[in-house]
Amino acid sequence: MTSIAAPEVADSGDTSGREPTAAELDAIEAEMPVIHAEVAYLEAQIATLDRVPGELDTRRLRRARRRVLTVRRKLANRRTTGTTGGAA
């Protein structure tokens, strides 16, 4: 049987390929609002898993979903125009 695991890399002490680049860190930072909005939406969904959602739960879910969509739209528009953030 052949193993499908990734081959192990010998530790040569060279860590240049292991750390994210500045561009990767900037990309992660730019997507943080989307990540936070999606986490809030997921928390709202999890809160309603064991019960029938009431009116307040429905509002919370709807608000969280709209926030995710709004933040994603802003990020997509920023990428389209080439703006990467900064002071507003």
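Everything numeric in this text was worked out from a predicted model, so none of it was measured.
- In this view, Arg73 satisfies the side-chain hydrogen bond (donor to acceptor under 3.5 Å, both in side chains) rule with no residue, not counting sequence neighbours.
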Counting only pairs under 3.5 Å, give me each side-chain donor-acceptor contact of residues 20-30, with atom names and distances, residues two or more places apart or in other chains.
residue : atom : partner : partner atom : Å
Thr21   : OG1  : Glu24   : N            : 3.2
Glu24   : OE1  : Thr21   : N            : 2.8

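- Remark: Arg62 engages no residue in a salt bridge (charged side-chain N to carboxylate O under 4.0 Å, His left out) (not counting sequence neighbours).
- Counting only residues at least two apart or in different chains, salt bridge (Lys or Arg N to Asp or Glu O under 4.0 Å) contacts with residues 39-56 comprise Arg51-Asp57, Glu55-Arg59.
- The side-chain hydrogen bond (donor to acceptor under 3.5 Å, both in side chains) test applied to Glu31 returns Arg79, not counting sequence neighbours.
- Residues passing the side-chain hydrogen bond (donor to acceptor under 3.5 Å, both in side chains) test with Arg66, sequence neighbours excluded: none.
- Clustering of Ile, Leu, Val, Met, Phe, Trp and Tyr by side-chain heavy atoms under 4.5 Å joins Leu75 with Val34, Val71.
- By the side-chain hydrogen bond (donor to acceptor under 3.5 Å, both in side chains) test, Arg65 pairs with no residue at all, sequence neighbours left out.
- With side-chain heavy atoms closer than 4.5 Å counting as contact, directly or through intermediates, the hydrophobic cluster containing Leu61 also holds Tyr41, Val68.
- Note that the CZ atom of Arg67 and the CZ atom of Arg72 stand 12.5 Å from one another [nearest 0.5 Å].
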